[in-house]
Amino acid sequence: MDDGPGVRIFEVLAWPSDRRIVLYVPEIEAATTVVSMVGAEDAARSLIADLTGLAPEEIDCRIGAGRPRP
């Protein structure tokens, strides 16, 4: 996705759990799961859009491996 004007970038943390992958968005303190990384960006974007009211085309996700730090 192009990081053009009006696009917000959200960091997303991903880690394996019970044969799924947890996707956690620290900025909004929300998580979802997927079965593979193939749909991870779309799932994270959908979660962010649902909880923030932003349009999906206004959201860019940067997915990295790791868990949230205390």
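As the structure is a prediction and not an experimental result, all values here were calculated from the model. FYI, the numbering just counts along the sequence from 1.
- Between Val25 and Leu47, the closest side-chain pair of non-hydrogen atoms falls below 4.5 Å.
- Under the salt bridge (charged side-chain N to carboxylate O under 4.0 Å, His left out) criterion, Asp42 pairs with Arg45, not counting sequence neighbours.
- Taking Glu11 as the reference, nothing meets the side-chain hydrogen bond (donor to acceptor under 3.5 Å, both in side chains) condition, with sequence neighbours excluded.
- The structure places CD1 of Ile48 at 5.5 Å from CD1 of Ile28, a figure rounded to the nearest 0.5 Å.
- For the atom pair CE (Met37) and CD1 (Ile21), the distance works out to 5.5 Å, reported to the nearest 0.5 Å.
- The CD1 atom of Ile59 sits 12.0 Å away from the CD1 atom of Ile9 when rounded to the nearest 0.5 Å.
- The hydrophobic cluster containing Val34 also contains Phe10, counting ILVMFWY residues as joined when their side-chain heavy atoms lie under 4.5 angstrom apart, directly or transitively.
- Counting only heavy atoms from C-beta outward, the side chains of Val7 and Glu57 never approach each other to under 4.5 Å.
- By the rule that hydrophobic residues join a cluster once side-chain heavy atoms approach within less than 4.5 Å of another member, Leu23 and Val35 end up as members of separate clusters.
- Across Leu13 and Pro26, no two heavy atoms sit closer than the pair CD1-CG, 4.1 Å.
- Identified under the side chain to side chain donor-acceptor pair (under 3.5 Å) test for residues 14-26, with sequence neighbours left out: Arg20-Thr33.
- Contact detail for Leu51 and Ala30: the closest heavy-atom pair is CD1-CB, 3.4 Å.
- Residue Val12 comes nearest to Cys61 through the heavy atom pair CG2-CB, 4.1 Å, listed as atom of the first residue, atom of the second, then distance.
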